[in-house]
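Just so we're on the same page: letters track the sequence lines, and every chain starts at 1.
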2 protein chains.
Amino acid sequence: MKTNLSTCCPPLLREHLQSSEAEQLAVLFRVLGEASRLQLLSLIAAQPTGAACVCELIEPLGLSQPTVSHHLKVLYDAGFLTKERRGTWIYYRVVPETLQAICGSLKLPDRKSAAP
Amino acid sequence: MKTNLSTCCPPLLREHLQSSEAEQLAVLFRVLGEASRLQLLSLIAAQPTGAACVCELIEPLGLSQPTVSHHLKVLYDAGFLTKERRGTWIYYRVVPETLQAICGSLKLPDRKSAAP
DNA sequence: TCAATATATTGACAAATATCGATATGCTTG
DNA sequence: CAAGCATATCGATATTTGTCAATATATTGA
């Protein structure tokens, strides 16, 4: 169920994208294409410890607990979050490398400046 | 119909994301969350001139002309592409600033390293 | 073992959207 | 103006997905 970007900064926009690579990358963008999930990332990243459990995230999002759990699972499966159990609670953390990989995928090819 | 990021690198993940900001950013990610659209960006960016007309994009994508036009419109409305008419053809170009803005939105808050 | 709490899963429904064929619009050239 | 080509829009359909209530699972503590 979990996906993974094998390399840190694949060429992607730098050269012609195969459809399989495109689909793999599109999955990541699709996961970020939901305001609630961006807010989750933001909330978790903003914690002093860098980690947050589900119960801390429900109220600020204004969504039901199952829905929050669902979004966390989507983020986790895509590699945006790690989770760690501590007693009854499960703490989620943002994975910086995944965000960096996406960033790297958006680089354009070098171009000799100026053209008619 | 067109959206716009008012600033180049809004804070976003650096601090708590308001739901309106989150939705605005999510729209951009949603546009990229489709393999065909990533391929379009890749194909256009890979042109020697940096520009491509619709008819050049149909065959490599393997989609119908209306569908390709639709995806180009979505990319255009979101600010990922510009378009310019030259006679019968319409040339699309990638807007680097929009990609950079997305990149900037994925930066995490600075964190004092090491925590139990 | 039982109760309480935190989290995950299931099932169902509504909303969003990718896709296509058909058709419209716009430009160029005879 | 008519024909031909490039592109856009429309209408319909199938698929995906966000959401919740209900329920299941897992952990802790009495």
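- OP1 or OP2 of D/dT16 has not a single side-chain nitrogen or oxygen of A/Arg30 nearer than 4.0 Å.
- For the pair B/Glu84 CD and D/dA6 C1', the computed distance is 16 Å after rounding to whole Å.
- Side chain to side chain, A/Ser69 and A/Gln65 meet the donor-acceptor criterion of an N or O pair below 3.5 Å.
- Residue A/Tyr91 is out of contact with every strand shown, counting any heavy-atom pair closer than 4.0 Å.
- Closest to the side chain of A/His71, from the set C/dT19, D/dT9, D/dG18, is D/dG18.
- The nearest whole Å value for the distance from the CG atom in A/Leu63 to the C1' atom in D/dT19 is 8 Å.
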B/S/- contact track for nucleotides 23-30 of chain D, protein heavy atom under 4.0 Å: ---SSS--
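- Taking 4.0 angstrom as the limit, B/Thr67 places none of its side-chain polar atoms (N or O) nearer than this to OP1 or OP2 of C/dT19.
- Between the CG atom of B/Leu72 and the P atom of D/dA6 there is a distance of 15 Å, given to the nearest Å.
- Separating the CH2 atom of A/Trp89 from the P atom of C/dA4 is a distance of 17 Å, rounded to the nearest angstrom.
- A parallel orientation is assigned to the rings of A/Phe29 and B/Phe29, their planes being inclined by less than 30° (bins at 30° and 60°).
- Rounded to whole Å, atom C1' of D/dG18 lies 13 Å from atom CG of A/Leu40.
- Where A/Ser36 and B/Ser69 meet DNA chain D, the nucleotide closest to each residue was compared, and B/Ser69 sits on the side nearer the 5' end.
- The distance between atom CD1 of B/Ile58 and atom P of D/dC5, rounded to the nearest whole Å, is 14 Å.
- Within 4.0 Å (heavy atoms only), A/His70 reaches at least one base atom of the nucleic acid.
- Residue B/Lys83 has a polar side-chain atom (N or O) positioned under 4.0 Å from OP1 or OP2 of D/dA8.
- At whole-Å resolution of the value, CD in B/Gln39 and P in C/dT19 are 11 Å apart.
- Atom CZ of B/Arg37 is separated from atom P of C/dT19 by 8 Å (rounded to the nearest Å).
- Considering only heavy atoms from C-beta on, B/Arg93 stays 4.5 Å or farther from B/Gln47 through its side chain.
- For the pair B/Lys83 and B/Tyr76, the cation-pi test (distance below 6.0 Å, angle within 45°) is passed.
- The side-chain heavy atoms of A/Gln39 and B/Glu23, taken from C-beta on, include no pair separated by under 4.5 Å.
- Side chain of B/Arg37 to main chain of B/Leu32: no donor-acceptor pair is present (N/O by atom type, distance under 3.5 Å, no hydrogens or angles).
- What you find for A/Gly33 and B/Arg30 is that their closest heavy atoms are O-NE, 2.8 Å.
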